[in-house]
Structure formats: structure tokens, C-alpha cells
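These numbers come from the heavy atoms of this one structure, side chains and all, not from hydrogens, waters or symmetry mates. When a residue number appears, it is its place in the shown sequence, counting from 1.
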Amino acid sequence: IAGTSVSVRAFGQSLTGSFAFEQVSTPGIDGDITTTADNGTAVRLVASDVSFTLSNGTSDIVRLRNGSGMLLVVPATATAPVGLAGSLSGSVEVLGGGVFSLSGDFSVEINTIDRAIDESFALAPGSAELTLELPAGPYLRIAATDVTVTVAGQSLTGSVAIEQQVLTSGARIVTVAISDADLTIGGVVTLEDVEGILVIEPTGVAGRLQATVTLDLSPAVTVLGTVSVAVNNATTAVRRAVRVGSTELVVDLPAGPYLRVEVTGGSITAFGVSLEGNFVFERSTTATGSTVVRVAVTNGSVSIGSSVSVSGASGALVLLPADLDSSGAVVAGSGGLAGVLSASVSITLPGVALGGTFRLAVNTSDGAVNDSITVGGTPVTVDVPAGPYLRVEGTGVTLGIGGVVLTGNVAFERSTVDTTPGVAGGEEVSTIVLLSGVSLDLGSGAVRVSDGEGVLVVTPSGVAGRLSVSVTANL
């Protein structure tokens with residue numbers, strides 16, 4: 001049976017075109033076509049000049065024209081109703097409202113049942129055998145390789161897949177996946193090996209996109225690195241897998257809402273100074289609706305000329321939301337900044353050399369903070385006691401001046417004390433200096449200072465403290 005201008009409906013979408021229908025017998029449970037008692041039937045369709053429109057339920061997104069391919073009407077079983085499965089190919093028009101466009105030859109796959117399809121048959125005696133292999137459904141998928149997407153005059157080339165799935169509740173999910181894509185923006189920004197998935201669900205949008213990015217503002221600034229952006233504005237975890245060409249992409253994101261940007265192997269060079277490392281910027285929303293911002297770094301390093309070198313930088317900072325009382329006023333001591341950063345620092349100047357490992361710890365709130373963020377696969381923990389304070393610590397510090405070397409550990413802490421509780425302006429700010437393991441050699445061992453330790457408190461009214469050392473003289 002053959003017909004033109006035929007309409008086939010699936011997932012609320014209509015496919016129209018020319019079709020040739022063929023009914024054949026299929027083997028039953030015993031797999032033997034010669035045993036007719038349990039055999040069934042199937043209807044095969046050859047399609048040409050097919051067209052259809054894919055929408056999100058409110059507006060058209062993609063239209064297929066000049067489609068051709070093969071469809072199979074799957075017979076009902078004891079546990080499944082009649083279904084439709086098939087594969088089509090054709091030219092696609094994207095309705096982007098003039099903002100974006102898409103060009104390329106796409107393929108369409110459809111399977112309305114929850115089992116895989118593997119059928120081989122000849123459309124006519126002596127014709128080549130055709131094979132239809134599809135994973136379990138239900139879904140409607142559009143895929144293309146070497147496609148070109150143009151947005152605001154910029155073109156993205158790569159492989160794309162768009163899939164619509166229908167849940168048991170009747171809700172629709174649209175998944176957009178991309179792989180092996182490249183994009184150049186104005187000759188300044190280059191994205192290579194772009195890969196990712198965006199899932200549009202009734203409860204929100206979630207997805208991840210990764211690319212190798214080059215930003216060339218030479219001679220002033222260049223930026224290199226692999227950038228990954230993850231977003232989930234729903235309160236549920238999202239896991240979806242989509243096949244793009246021969247590659248299966250998976251998005252597996254924890255519950256949101258949050259926005260996370262991660263840079264691995266990053267390098268930022270500005271005016272001859274390079275900052276390298278792995279960086280993460282994350283904004284998330286707590287159960288109470290407050291916003292928490294986390295910033296973390298691992299393997300950070302920077303060199304400023306030949307005089308200053310910073311290496312092994314790691315740590316994280318957390319921007320804490322303020323708590324509100326029943327009247328909406330900010331609770332005193334809540335909110336602020338907390339975190340820890342550490343790095344090895346080396347400074348070499350004419351006649352002076354300074355080196356050691358330094359650590360910055362800060363907590364502007366009056367509560368302890370214990371948080372964690374993952375950077376490049378490495379968890380970075382913020383675990384600081386209650387504040388408020390700002391502390392800088394140096395361990396294994398060496399200071400060389402004119403051939404004389406001072407070694408030891410030093411810490412500077414800024415502390416705020418409320419000397420008159422309940423009275424505005426009653427806070428006193430002080431700086432505490434802690435020294436330990438201090439040693440100094442004067443005159444090639446003639447005079448040696450060792451085991452130095454002490455504490456100094458610097459306040460607006462003066463300095464107080466104690467110092468103790470052991471002195472050895474060989475004269």
C-alpha cells in the first residue's frame with residue numbers, strides 16, 4: 001500500500017509525507033516463523049518527502065523537511081501497546097526568531113515503546129537489506145554531525161542532538177547535547193572541543209558545558225584553560241544520557257539550585273604576569289533561600305618578574321549569607337567572609353631575600369565555618385573557628401639581609417574585641433604578632449640567637465608583649 005500526503009502522529013507531533021506500507025509476519029515467542037500458532041504481524045513503512053515540527057509545548061523549535069527513511073509499526077504484546085519506531089533523515093530548519101539559525105543534514109529517531117528495536121528486512125525482492133536498530137524508548141531524537149549553528153553572526157560547528165522524552169506523568173523533557181564543536185568569536189575568543197548537555201524539564205533547567213578556551217587580547221592579556229559550566233536551578237538531582245554521533249554524553253548533577261564555573265589548567269597572563277592554577281566559582285541557594293558564594297583555587301602559582309614567586313597556592317573562601325531576625329533585621333555577627341588560603345612565597349631583591357610558606361585565615365562572622373568545594377577533582381575544605389579575625393601565618397620563614405639570615409615562624413592576627421557590650425563604638429581593634437622557632441646567626445657563628453619566641457599586642461594605645469631567646473656567643 002502506498003500513499004502521499006499521509007499523516008502519522010506520535011508524541012503529539014504530526015509527520016506528513018509519502019509512505020509505502022508492507023505487512024509481514026513476525027515469529028512468536030518460539031522464534032520460529034514456520035510455527036504459525038504464536039506468530040504476529042508487523043507493518044513496515046518506507047517514507048519520503050517527510051516533514052514535521054518539534055516544539056516544547058508552547059512554540060515551535062525545529063522543523064524537518066525532505067525527510068526519508070524507515071518506520072516500523074510494532075505489534076502489541078501482553079505487556080505493551082502498539083508502538084512506532086523508526087529512523088529518518090533530512091534537512092532541518094531552526095526557528096530562532098532571527099536570533100540564531102542552524103543548518104545541516106539531520107537524522108531523526110523515534111521509538112514510542114520501552115524496549116529496544118533490532119529489525120532487518122528487504123523492502124522488495126532482491127533489494128538491499130535494511131537494518132533498524134534503536135535503544136529503548138519512549139523518545140523522539142534529532143541528531144546531526146558536522147552541523148553549523150549561527151548565533152548573533154558567530155558560527156559553531158560540531159555534532160548536535162536534540163531529544164524529546166515523555167514521562168509517565170505526561171510531562172515533556174527536551175535535552176540538547178553537543179560534542180566535538182568549535183567556535184571563534186570575533187577572532188578574540190576561541191572555544192575548542194566544546195561538549196555538554198542541557199536538560200529542560202518542567203521543574204527547571206540543568207546542564208553542563210565544557211570547552212578549551214583561549215582569550216587573546218594580546219599584547220596585554222591572554223587567557224587559556226579548560227572551562228566547565230554547570231547549572232541546575234531545580235531542587236532535584238538530574239542524570240541524563242544522550243547519544244551524539246558515536247559518543248554517549250552523560251550529565252550527572254546534584255540537586256540545585258546553583259551555578260558553578262570551574263577552570264582547570266587555567267592560565268591568565270596580563271602585562272607579563274602569569275597566574276596559573278585551577279579555579280572554581282560557585283553560587284548556590286540554601287534551603288532557607290539564602291545565597292552562598294564559594295571561590296576556590298588549587299595548584300595556583302604566579303611570578304612577578306624575577307623578584308616575586310608564589311607557588312602551591314590552594315584554599316577556598318566562602319561568602320556567608322546574613323541571618324535575619326523576625327523583623328527582617330540582620331542578626332549581629334552573622335554573614336561575612338570565611339576561608340583559608342596558603343602558598344609558598346619567595347621574594348628576592350638586591351641585598352634582601354624572603355621566603356617561606358604563608359597561610360591566610362579569615363572569619364568575619366562569630367560562628368565556626370566548615371564547608372567544602374571540589375576543584376579539579378580535589379576537595380578543598382574550609383574549617384575555621386569562630387571569629388571575627390584575620391590571621392596571616394608564615395612557617396619556615398627566612399629573611400636574609402646583607403648575609404645575615406633570620407629564620408622562624410611568624411603569625412599576624414587582627415582581632416576585634418567589644419570592650420563595652422551594647423554600646424556603639426565600643427569595639428577595639430588590635431594586631432597580635434606571634435613568634436616561634438626564631439634563630440639568627442651573627443658573624444659566622446660568633447653570636448647565635450635561637451629558640452626565640454614571644455607575643456606582641458599592638459593596639460591604638462601602644463604595644464605590649466614578651467620575647468624570649470637563647471643567646472650563644474663564641475668569641
Side-chain angles (χ1 to χ4, degrees), residues 11-13 54-59 61-62 109-112 114 116 134-144 149 156 158-181 191 193-211 226-264 279-294 296 371-380:
F11 292 98
Q13 312 291 342
L54 177 65
S55 73
N56 62 3
T58 58
S59 59
I61 300 175
V62 181
E109 295 180 348
I110 183 173
N111 188 359
T112 67
D114 60 358
L134 296 171
Y139 58 82
L140 178 62
R141 176 185 300 140
I142 300 176
V149 182
L156 173 71
S159 300
V160 178
I162 304 172
E163 179 176 302
Q164 176 181 277
Q165 292 178 297
V166 179
L167 304 180
T168 55
S169 63
R172 296 180 181 181
I173 296 176
V174 176
T175 303
V176 181
I178 186 169
S179 68
D180 300 322
L191 289 84
D193 302 323
V194 181
E195 179 178 288
I197 297 179
L198 182 66
V199 181
I200 306 171
E201 298 188 354
T203 56
V205 178
R208 181 187 296 276
L209 182 68
Q210 178 174 303
T226 299
V227 178
S228 174
V229 180
V231 60
N232 186 0
N233 66 2
T235 57
T236 56
V238 174
R239 191 182 194 281
R240 292 284 184 273
V242 178
R243 191 177 67 225
V244 185
S246 60
T247 303
E248 183 179 69
L249 300 182
V250 177
V251 59
D252 191 357
L253 298 173
Y258 58 83
L259 172 65
R260 175 186 175 95
V261 179
E262 181 171 0
V263 181
T264 56
F279 309 90
V280 163
F281 308 88
E282 180 178 289
R283 184 188 67 190
S284 61
T285 303
T286 66
T288 60
S290 300
T291 299
V292 176
V293 177
R294 301 176 179 90
D371 204 341
S372 179
I373 185 172
T374 300
V375 187
T378 302
V380 179

What residues, two or more places apart in sequence or in another chain, satisfy side chain to side chain contact (heavy atoms under 4.5 Å, CB included) together with T235?
P257

Compare every heavy atom of N233 with every heavy atom of V205, then report the nearest pair and how far apart it is.
N-OD1, 2.6 Å

Which residues pass the salt bridge (Lys or Arg N to Asp or Glu O under 4.0 Å) test with R283, not counting sequence neighbours?
none

On a heavy-atom basis, the closest approach of N232 and A206 is OD1-CB, 3.5 Å

For residues P135 and N111, report the shortest heavy-atom separation together with the two atoms involved.
O-ND2, 2.9 Å

From CD (Q210) to OG (S179), nearest 0.5 Å:
12.5 Å

Taking side-chain hydrogen bond (donor to acceptor under 3.5 Å, both in side chains) as the definition, give me every residue that meets it alongside E282, ordered by chain and number, with sequence neighbours left out.
R260, R294

With D252 via salt bridge (Lys or Arg N to Asp or Glu O under 4.0 Å) - residues at least two apart
R239

Atom of I110, atom of L134 and distance for their closest heavy-atom approach
O-CD1, 3.4 Å

What is the distance from atom CD1 of I162 to atom OG1 of T175, rounded to the nearest 0.5 Å?
10.5 Å

I want to check something: taking the side chain as every heavy atom from C-beta on, are I178 and L209 in contact at a cut-off of under 4.5 Å?
yes

Please list, chain by chain and in numerical order, all residues satisfying side chain to side chain contact (heavy atoms under 4.5 Å, CB included) with V227, sequence neighbours excluded.
V213, V229, V261, V263

For I373 against V280, the heavy-atom pair lying closest together
CD1-CG1, 3.1 Å

Return the set of residues passing side-chain hydrogen bond (donor to acceptor under 3.5 Å, both in side chains) with S228 (not counting sequence neighbours), or none when no residue passes.
R208

Nearest heavy-atom pair of G207 and V251: which atoms, and what distance?
CA-CG2, 4.1 Å

All salt bridge (Lys or Arg N to Asp or Glu O under 4.0 Å) counterparts of R240, not counting sequence neighbours:
E201

